[in-house]
Amino acid sequence: MTTTRFAPSPTGYIHIGNLRTALFNWLIARKAGGTFILRIDDTDPERSKEEYVEAIKQDLDWLGLHWDRVERQSERLDRYEEAARTLRDKGRFYEAFETPTELDLKRKKQLNMGKPPVYDRAALALSEEEKAKLRAERGAGVWRFKLRQERIEWADGILGDISIDAASVSDPVLIRADGQMLYTLASVVDDTEMGVTHVVRGSDHVTNTATQIQIIEALGGTSPSFAHHSLLTGPKGEALSKRLGTLSLRDLRAAGVEPFALLSLMARLGSSDPVEIRTDMDALIEGFDLSKFGSAPTKFDERDLYPLTARYLQTLDFADVAGEIAALGVPNALAQRFWAVTRENITTKADLKGWWEMFRDGAEPMIAEEDRAFVAEAMALLPEAPFDGETWGKWTAEVKTATGRKGRGLFMPLRKALTGMERGPEMADVMPLLQVVKARG
Ligand code: GLU
């Protein structure tokens, strides 16, 4: 059975890059009628915070990306210990004692000589006595996985055929000197034991995948199929990594972005399919196909989320927003009309407030110098509020007769005087909502 997982580390809020990973994995599982696991990668007790675990769940909930179960790495440490023992027994695990400074020096030397900065495996040559001595001097070492020096190959679901020379990769550290299990091992143990069939993650994990394929093999497991989505960049191709902090799902939500705007964009951006607003999950799931995504960096422009949000809002019925409209203080009798008038004229739901204030308190009039006398004359003909659906037609007909103005020259100054705007909803529909007319003077 198809099983996927989204495996965030709870060290911060999830952002647009994480969403891409979560969404792809969710879509694959749902499309196949499989299982989607939310796995909390919390082996780092210092950086992992419970508040982020909660925040991640809230964000996924908000988007409607529901999980079938939650797994926590911090509760599975014994499983990782056991895997570590297996690797030791198989001679694929060794202790190394270099300090970070020593490793850094080695890397610099290698780079100076034009060589790739790959760990030189000096620790493999240590005798038991030497190790005991180092342990006494420096404390426990780190544990590295001994890669088999051959080409590591897989058919990537997005990148196509990948082949990486293991000799160009350092033996990965799987256990830190303080005993902390690292993600590289923990993830492999989880993926194997939880029957994960598909792993989709960012292309920054390609080298990890190469080493993990060998670790899985060493542990006697079967590799899931891997796919690596391209890096997101800003609209001009600039690195997004530094800005990701401001592109957290919470911030986007606070800015009024609607879940379906985010989902519609991120489920298709970087693929050969066009981005269109979709308003139900089935439509997102149906057209989703990993093989349509390319390996080139994907340009992401957060501004694209706003027209999509606007389009999404246009699809909502009054019943979908009735509660929010009532909460603004819009009287029941006007609420339905209020939505009909505003839905095509808002970018986010937050804009509704401004519209209601304008209707309730009257807009600051916008009157050009040359229209002053005309507007004053028209205002004298305007009946008292409340207005109805006929008011605009009757009033402008009267104004036309009285002033001789017609067409744009008639309507535009009146629209600007009443709404303070040059564009907007049909004035016939606006009038019944307008409680106050400031342009009356
Ligand atoms: N916790 C890892 C990360 O957030 C998970 C990577 C993976 O999907 O294997 O990068």
Side-chain angles (χ1 to χ4, degrees), residues 2-29 34-50 52-53 55-57 59-60 65 67 69-77 79-80 83 145 152 154 156-159 162 164 169 172-174 176 180-216 219 221-232 240-241 244-245 247-249 266 290 293:
T2 299
T3 302
T4 64
R5 72 335 186 251
F6 171 51
S9 307
T11 55
Y13 296 120
I14 50 177
H15 51 65
I16 193 80
N18 305 127
L19 167 61
R20 201 161 190 231
T21 306
L23 180 58
F24 285 12
N25 284 292
W26 186 87
L27 288 166
I28 290 170
T35 302
F36 176 67
I37 301 173
L38 171 60
R39 190 183 85 198
I40 305 294
D41 282 5
D42 55 353
T43 52
D44 182 341
E46 270 144 50
R47 294 181 58 228
S48 301
K49 299 257 173 344
E50 216 42 46
Y52 292 129
V53 176
I56 289 166
K57 289 181 179 173
D59 289 346
L60 293 177
L65 301 183
W67 51 89
R69 62 176 209 268
V70 180
E71 298 278 359
R72 296 189 66 135
Q73 291 197 325
S74 57
E75 289 166 4
R76 295 177 41 81
L77 298 177
R79 314 295 307 149
Y80 313 143
F145 176 71
I152 306 170
W154 73 91
D156 194 282
I158 294 174
L159 304 176
I162 300 281
I164 289 179
V169 182
V173 173
L174 302 188
R176 288 200 331 194
Q180 189 185 308
M181 283 292 164
L182 291 179
Y183 146 81
T184 312
L185 176 61
S187 183
V188 154
V189 173
D190 292 345
D191 287 341
T192 306
E193 292 188 2
M194 294 170 194
V196 170
T197 55
H198 295 73
V199 171
V200 184
R201 53 192 179 190
S203 44
D204 49 329
H205 280 290
V206 165
T207 309
N208 272 341
T209 297
T211 63
Q212 287 179 330
I213 284 174
Q214 281 208 5
I215 301 171
I216 295 170
L219 291 172
T222 320
S223 277
S225 59
F226 287 101
H228 297 84
H229 55 73
S230 63
L231 232 60
L232 287 183
L240 209 56
S241 46
L244 283 175
L247 291 172
S248 72
L249 298 187
M266 298 315 286
L290 210 53
F293 286 81

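Start at 1 with the first residue, then count along the sequence. Start at 1 and go down the list; that is how both ligands and their atoms are numbered.
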Peer 1: Less than 4.5 Å apart, side chain to side chain, heavy atoms only: is that true for Q212 and P224?
Peer 2: no

Peer 1: I'd like to check the side-chain contact (heavy atoms from CB on, under 4.5 Å) partners of S203; sequence neighbours left out, ordered by chain and number.
Peer 2: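 Expected list: V206, H228, L231.
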
Peer 1: Run down the list A22, P8, A7 and name the one with the heavy atom closest to atom 2 (C) of ligand 1.
Peer 2: A7

Peer 1: Find all atoms of ligand 1 within a distance of less than 4.0 Å from any non-hydrogen atom belonging to R5, and give their numbers and elements.
Peer 2: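 The list of qualifying atoms is 7 (C), 8 (O), 9 (O).
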
Peer 1: I'd like the name of whichever of H228, H205, R39 reaches closest to atom 10 (O) of ligand 1 through any heavy atom.
Peer 2: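 It is H205 that holds the nearest heavy atom.
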
Peer 1: Show the nearest heavy-atom pair for residues S187 and R39, with the distance to one decimal.
Peer 2: OG-NH2, 3.0 Å

Peer 1: Which of the numbered atoms in ligand 1 are under 4.0 angstrom from any heavy atom belonging to S187?
Peer 2: 9 (O)

Peer 1: For atom 6 (C) of ligand 1, what is the closest protein heavy atom, and at what distance to 0.1 Å?
Peer 2: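 That would be Y183 OH, 3.2 Å.
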
Peer 1: Students often mix this up, so state it plainly: with edges at 30° and 60°, are the rings of Y13 and Y52 parallel, tilted or perpendicular?
Peer 2: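 Correct class here is perpendicular.
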
Peer 1: Please list, in number order, the atoms of ligand 1 under 4.0 Å from a heavy atom of R201.
Peer 2: 7 (C), 8 (O), 9 (O)

Peer 1: Any idea which atoms of ligand 1 are less than 4.0 Å away from a heavy-atom of D41?
Peer 2: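 Once the distances to D41 are compared, the set is 1 (N), 2 (C), 5 (C).
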
Peer 1: Mind checking side-chain contact (heavy atoms from CB on, under 4.5 Å) for L219 and listing every partner two or more places apart, or none if nothing turns up?
Peer 2: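 Once residues adjacent in sequence are excluded, the partners of L219 under the side-chain contact (heavy atoms from CB on, under 4.5 Å) criterion are A83, T86, L87, L185, V188, V189, I215.
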
Peer 1: Using a strict threshold of under 4.0 Å (side-chain N to carboxylate O), is an ion pair present between R5 and E71?
Peer 2: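 Salt bridge flag = no for R5 with E71.
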
